[in-house]
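To start, the structure under review is shown below, and the notes come after it.
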Amino acid sequence: MAQTPQACVGELLGTGGADDAVRIHVLFSGPVQGVGFRWNMQAFAEEAGIGGWVRNLPDGSTVEAELEGPCERVAQLIARMDAHYERFDAWIPSRFEVASWSEVPLQGDTAFTVLTAPMQP
């Protein structure tokens, strides 16, 4: 079942303390390609001191990311993306949603990168 960004933030904050380091793998779906989503995420992640990466997936409607940093800041990044794209509500009937997320092992990333989409099989 898909989660809203707010639900994801609430669950993420429940996994540990606000300052505990976390790395999450996230799939965002909806109108997330062709709207500057990856570049905005990179700018916001850099401002927040979040490491990781983001990329489009070949299906045209999904963006994949891994976000690493203090739990509270990772949650705030997802909430900031949601708030930023709320401005498109008049033109886009539904905003993006967090289709899935899971905690993955820390990798020590401090930089945030926009990757190219993987090749289709």
Side-chain angles (χ1 to χ4, degrees):
M1 177 175 223
Q3 298 173 307
T4 64
Q6 295 84 358
C8 179
V9 168
E11 288 182 29
L12 179 60
L13 285 174
T15 65
D19 294 328
D20 290 347
V22 65
R23 184 178 185 97
I24 62 169
H25 178 263
V26 189
L27 293 177
F28 298 95
S29 64
V32 290
Q33 293 192 19
V35 295
F37 190 90
R38 294 171 300 145
W39 305 107
N40 284 314
M41 179 171 276
Q42 180 182 37
F44 297 159
E46 288 174 350
E47 286 177 23
I50 300 297
W53 53 265
V54 63
R55 67 181 175 187
N56 286 340
L57 292 182
D59 67 5
S61 64
T62 307
V63 169
E64 176 183 35
E66 286 197 6
L67 311 171
E68 181 169 339
C71 187
E72 184 173 22
R73 282 195 262 156
V74 169
Q76 288 170 348
L77 173 61
I78 295 170
R80 185 170 182 195
M81 291 297 293
D82 183 45
H84 181 76
Y85 283 95
E86 184 176 14
R87 66 190 173 138
F88 294 110
D89 277 355
W91 301 283
I92 301 172
S94 64
R95 280 184 280 156
F96 76 88
E97 65 180 6
V98 175
S100 69
W101 72 273
S102 59
E103 201 163 348
V104 294
L106 295 171
Q107 295 183 12
D109 283 346
T110 56
F112 196 87
T113 307
V114 175
L115 302 176
T116 58
M119 300 295 287
Q120 279 189 309

Could you pull out the closest heavy-atom pair between Phe112 and Glu46, with the gap in Å?
O-OE2, 3.7 Å
Identify the heavy atoms of Ala65 and Phe28 that sit nearest to each other, and give their distance.
CB-CE1, 4.1 Å
Please, which pairs that meet side chain to side chain donor-acceptor pair (under 3.5 Å) have at least one residue in residues 47-57, sequence neighbours excluded?
Arg38-Asn56, Glu47-Arg80, Arg55-Glu64
Please, which pairs that meet side chain to side chain donor-acceptor pair (under 3.5 Å) have at least one residue in residues 104-114, sequence neighbours excluded?
Arg23-Asp109
So, do Trp101 and His25 sit near enough that their side-chain heavy atoms are less than 4.5 Å apart?
no
Is any side-chain heavy atom of Leu106 closer than 4.5 Å to one of Glu68?
yes
Between [X] and [Y], is there a shared hydrophobic cluster once you connect ILVMFWY residues whose side-chain heavy atoms come closer than 4.5 Å?
X      : Y     : result
Val26  : Leu57 : no
Leu27  : Val22 : no
Leu115 : Val63 : no
Val104 : Val54 : no

